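Below, each value reflects all heavy atoms present in this structure, side chains not excepted, and no hydrogens, waters or symmetry copies. Source: prediction; values computed, not measured.
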Amino acid sequence: MSIEVVSRAIPDMDRRHADERSNALSHLDAALNSVSSGLITFNRNLEILFVNDRLTDMLEIAPTLARRAVFLLELLGSSAVLDEEALSFLAEICIAAADAFAEHKSILTVSAGTASRFFSLGVTRLGDGHWMVSFEEVTARRSAEANAVEQARHDPLTGLHNRQLFQNRVVAALSPTELDQGDSRLAIMLIDLDRFKAVNDTLGHAIGDGLLRLVSKRLRTILRSRDGLARLGGDEFALLILPPPNRADMEVLAHRIVEVLGRPYLVDGHLVSIGASVGIAIAPRDGNEHGRLLRSADLALYQAKKAGRGRFSFFEPELDARALDRHALESDLRKALALHQFELHFQPQIDLRIDKVIAFEALPQWKHPERGMLSPADFVPLAEEIGLITQIGEWVLQEASRAAIRWPNDISVAVNIWPLQFADATRLLGSVTKSLSASGLPANRLEIEVTEPAMVGREEMVLTTLHNLRALGVRIVVDDFGSGYSSVRQLHSFPFSKIKIDRSFMAAGDHPGGQTAVIRAIVAFGASLGMDTVAEGVETADQLALIRAEYCAAAQGCLISRPVTESQVADSIAEISKRAKQAFVNS
C-alpha cells in the first residue's frame with residue numbers, strides 16, 4: 001500500500017471514530033432521557049455536566065433555563081416544585097458530596113399547599129470527581145402505604161378502630177407524662193352484645209354483620225367526638241374516654257349505651273332484638289398499664305353479665321379476688337372427673353295419688369377436697385363456660401343408669417340434659433344408648449329432663465333430638481316449666497311425658513292466690529295434653545296441701561326428702577313408704 005493511500009485512510013478512520021462516538025453519545029443521551037428517574041450530573045465545582053428531560057419535567061424547570069444553567073444550585077433554584085427547605089437540604093448534601101465524597105440516600109419531602117410530595121433522593125459518586133443526583137417521585141406509593149397502614153388499624157366491617165389501634169391509644173394515654181396531669185385520666189368501657197350469637201346461628205352471618213354495622217352507628221351517635229371507639233372482635237366493642245367525666249355522668253352514659261343498643265333493629269327485613277352489657281374501669285385507680293386496665297374492665301363486664309345482662313358495672317377491687325377464686329375453681333374442675341371427685345345424690349319424687357316413690361332425680365355433687373360438697377348450682381355454670389358440661393353430663397347418665405338398675409322395677413331415674421349437650425345431637429344420642437346398654441336399664445325407666453331455655457332459638461334441632469330419644473323408649477320431661485321461657489307451641493309440638501312446675505311457684509310470695517292460679521292452669525293444661533305435672537321445691541306442709549288440692553300428680557322437695565346418696569336410696573324408699581302408711585292410719 002502506498003503512503004498516499006495510507007495518508008488518505010487516516011482521516012477517514014478519525015471521522016469514522018468520531019461518528020461512532022457521536023452515535024454512542026446520542027444513544028446514551030436517549031437512554032438517560034427515557035428512564036423514569038430524574039438525573040443530573042455535576043463535578044466538584046458543582047458545575048452541571050448532564051440533565052435529563054425527566055428531571056426538568058418532574059421539578060418543573062423551564063427547558064430554556066435548563067439549557068442556560070451552568071451550576072447545579074442555579075438549576076435547582078429555578079424549580080417551581082422545590083420549596084426553600086428542600087433547596088437548602090439539597091445544597092447541603094451536594095456540597096458535602098463534592099467536598100467529602102459523601103454519598104446520600106433519603107426521602108425528600110416537599111410541601112405542596114395542604115398536601116406534600118415525596119421524592120426518593122440519591123447522591124452517587126461516579127468517579128473522576130463526578131457525581132449524580134437522582135430523583136424519583138414516590139408520592140403515590142407513600143400514599144398507598146399510608147392507606148394500607150390506616151386500613152390495618154381499622155376494623156374492615158364497621159370502620160371503627162381495631163384492637164391494635166385501641167391498644168396503642170390506651171398505652172399512649174397511660175404514659176407517665178399523661179397520667180401526671182390531673183385532667184388526663186381515662187376510662188375504658190367494654191361493651192358486649194347479649195344474644196348476638198343466637199342471631200348468627202338462626203339468621204346467618206350476613207344478618208349478624210349487618211347488625212354489627214348498625215350497632216357501631218348507634219354508638220357513634222352517643223359518644224363525644226374525642227372519645228375513641230373500637231371493635232375488638234366478634235361482638236365486643238370498646239370505648240376510650242379521655243378525660244372521663246365524673247362517676248355519675250359515666251353511669252348516665254353507660255345506661256344510655258345499654259338502653260340504645262337494646263332497641264330493636266331492622267336488618268334486611270328482619271326485626272332483631274339484642275341487648276348489651278358494659279364493664280367500666282378508670283385509670284389510674286383500676287390500673288395504670290394497658291393490660292391491667294383492660295382486665296379490670298373485663299372483670300367488670302363479667303360481673304354485669306353475671307348479674308343478668310343488659311346492665312353495667314364498675315370495676316371494684318373484690319372482683320380481682322373473685323376472678324382468682326374462679327380461676328382456681330376452674331383449674332380444679334378440669335381435674336375433678338379424672339380424680340373421681342363427683343358423686344351422684346338422688347332426690348325422690350312421689351306420686352301424690354298413692355304416696356309412693358316413682359322416681360329419683362340424679363343430682364351430681366362435687367366433693368371438693370378443700371371447699372367441701374358443692375351442688376350443681378356451684379359448678380354447672382362454670383362447666384358450661386369452659387366446655388366441660390358434656391363430659392359431666394355423660395358421666396351422670398352412665399352412673400345414674402348403673403345405680404337405677406338396682407332399684408325396684410317401677411322406679412325411674414331422671415337425668416338433666418343441659419342445653420349445650422344438644423349442640424352435638426349425635427354424641428348425646430350415643431351417650432344415652434351406651435348408658436342404657438352398659439347398665440341393662442330398660443329405656444322406659446330413664447327420664448330425660450329438658451329445661452325450656454334449652455329450646456330457645458333452636459327449637460327444631462332440639463325437638464328432632466328429643467324425638468330420636470323418644471324413639472329409644474326414653475321418657476322426656478319438661479323441667480322448670482313457667483320459668484320465663486314458656487311456649488305452649490313447644491308443648492304441643494312434642495309429646496312430653498311430664499311437666500315439672502318451676503320451684504319458684506312453691507315459694508311464699510306477696511300474692512299466693514296468683515301462684516295458685518298459675519299452678520292450677522299448668523295442671524289443667526298438662527292434663528289436656530295427657531301429661532302429668534310434678535311440683536318441685538315442696539318444702540312445707542301448706543305447699544303440699546296446695547298442690548294436692550290442685551290435683552298435681554307428683555311432688556319433689558325437701559319436705560318429702562332431701563337428696564340422698566346411692567347407698568341411702570333403699571332406706572329413703574322405705575321411710576317414705578312408712579310415712580305414707582302412718583298418714584293413712586291417722587286419717
| message | Could you tell me if Arg218 sits above the aromatic ring of Tyr265, with its cationic atom closer than 6.0 Å to the ring centre and no more than 45 degrees from the axis? | response | yes

| field | Validation row: Val564, Glu575 side chains within 4.5 angstrom (heavy atoms) | value | no

| said: Is the shortest side-chain heavy-atom distance between Ile448 and Val477 below 4.5 Å? | reply: no

| message | Let's go through Gln341 and Asp332 carefully: what are the C-alpha distance in whole Å and the side-chain angles of both, what is the deciding distance for side-chain hydrogen bond (donor to acceptor under 3.5 Å, both in side chains) to 0.1 Å, and is it a yes or a no? | response | CA-CA 10 Å; Gln341 292 176 352; Asp332 292 342; over 6 Å; no

| said: Does any part of the side chain of Ile417, heavy atoms only, come nearer than 4.5 Å to the side chain of Glu449, both counted from C-beta? | reply: no

| field | Nearest heavy atoms of Ala443 and Leu472, plus distance in Å | value | CB-O, 3.2 Å

| request: Could you give me the CA-CA distance, side-chain angles and deciding distance for Glu394 and Arg427, then say whether salt bridge (Lys or Arg N to Asp or Glu O under 4.0 Å) is met? | output: CA-CA 9 Å; Glu394 290 175 342; Arg427 180 170 179 173; 2.6 Å; yes

| message | Test side-chain contact (heavy atoms from CB on, under 4.5 Å) on Arg402 and Glu566; report intermediate values, then the result. | response | CA-CA 11 Å; Arg402 179 193 56 77; Glu566 182 180 349; 3.1 Å; yes

| query | Does some side-chain heavy atom of Tyr302 sit less than 4.5 Å from a side-chain heavy atom of Arg326? | reply | yes

| message | Check this for me: does any side-chain nitrogen of one of Arg548 and Asp355 sit under 4.0 Å from a carboxylate oxygen of the other? | response | yes

| field | Electrostatic pair Glu251-Arg256, nearest N-O below 4.0 angstrom | value | no

| message | A side-chain contact here means heavy atoms from C-beta on lying under 4.5 Å apart; do Leu239 and Ile188 qualify? | response | no

| field | Stepwise salt bridge (Lys or Arg N to Asp or Glu O under 4.0 Å) test for Asp325 and Arg371 | value | CA-CA 11 Å; Asp325 183 68; Arg371 302 171 190 250; 2.9 Å; yes

| said: Please evaluate residues Arg445 and Trp407 with respect to the criterion side-chain contact (heavy atoms from CB on, under 4.5 Å), reporting the C-alpha separation (whole Å), side-chain torsions for both, the decisive distance (0.1 Å), and the verdict. | reply: CA-CA 10 Å; Arg445 288 183 57 200; Trp407 304 342; 3.8 Å; yes

| message | Looking at Asp286 and Arg292, is there a salt bridge between them, counting it only when a charged N and a carboxylate O are closer than 4.0 Å? | response | no

| query | Between Asp378 and Ser375, does a side-chain hydrogen bond (donor to acceptor under 3.5 Å, both in side chains) hold up when you go through it step by step? | reply | CA-CA 5 Å; Asp378 296 320; Ser375 72; 3.3 Å; yes

| Which distance, rounded to the nearest 0.5 Å, do you find between the CH2 of Trp418 and the OG1 of Thr451? | 10.5 Å

| task | Would you check if Ile499 and Val534 make a side-chain contact, meaning some heavy-atom pair closer than 4.5 Å? | result | no

| message | If you define the side chain from C-beta out and look only at heavy atoms, does anything of Ile501 sit under 4.5 Å from Cys552? | response | yes

| request: State whether a side-chain donor-acceptor pair under 3.5 Å links Arg322 with Gln303. | output: yes

| message | I'd like to know if Arg231 and Glu236 make a salt bridge, using a cut-off of under 4.0 Å between side-chain N and carboxylate O. | response | no

| task | Taking only Lys NZ, Arg NE, NH1 and NH2, and the carboxylate oxygens of Asp or Glu, determine whether Arg295 and Asp320 approach each other closer than 4.0 Å. | result | yes

| request: Decide if the gap between the ring center of Phe166 and the ring center of Phe237 is smaller than 6.0 angstrom. | output: no

| field | Any donor-acceptor N/O pair, Thr433 side chain to Leu429 backbone, under 3.5 Å | value | yes

| query | Would you find a donor on one side and an acceptor on the other, under 3.5 Å apart, between the side chain of His270 and the backbone of Val272? | reply | no

| query | Run the side-chain contact (heavy atoms from CB on, under 4.5 Å) check on Met189 and Ile241 step by step: do they pass? | reply | CA-CA 8 Å; Met189 286 188 177; Ile241 307 175; 4.1 Å; yes

| message | Let's go through Asp410 and Lys356 carefully: what are the C-alpha distance in whole Å and the side-chain angles of both, what is the deciding distance for salt bridge (Lys or Arg N to Asp or Glu O under 4.0 Å) to 0.1 Å, and is it a yes or a no? | response | CA-CA 10 Å; Asp410 56 351; Lys356 181 180 182 299; 2.6 Å; yes

| query | Any side-chain donor paired with an acceptor under 3.5 Å for Asp194 and Ser277? | reply | yes

| Under 30°, 30 to 60°, or over 60°: which ring-plane class applies to Phe342 and Trp366, parallel, tilted or perpendicular? | tilted

| query | Which is it for Glu361 and Lys500 under the salt bridge (Lys or Arg N to Asp or Glu O under 4.0 Å) test, yes or no, and what are the steps along the way? | reply | CA-CA 12 Å; Glu361 180 178 357; Lys500 295 187 78 173; 3.2 Å; yes

| Does the side chain of Ile358 reach to within under 4.5 Å of the side chain of Ile350, using non-hydrogen atoms? | no

| message | side-chain contact (heavy atoms from CB on, under 4.5 Å) for Leu344 and Gln365? Distances and angles first, verdict last. | response | CA-CA 6 Å; Leu344 282 185; Gln365 308 288 311; over 6 Å; no

| query | Is it the case that more than 12 heavy atoms not belonging to Arg562 sit under 6.0 Å from its CZ atom? | reply | no

| field | Closest contact, heavy atoms only, Leu397 versus Ser431 | value | CD1-OG, 3.5 Å

| said: When you compare the side chains of Gln556 and Gln347, does any donor N or O come within less than 3.5 Å of an acceptor on the partner? | reply: yes

| Ignoring hydrogens and geometry, is there a side-chain-to-backbone donor-acceptor pair from Glu550 to Ile547 under 3.5 Å? | no

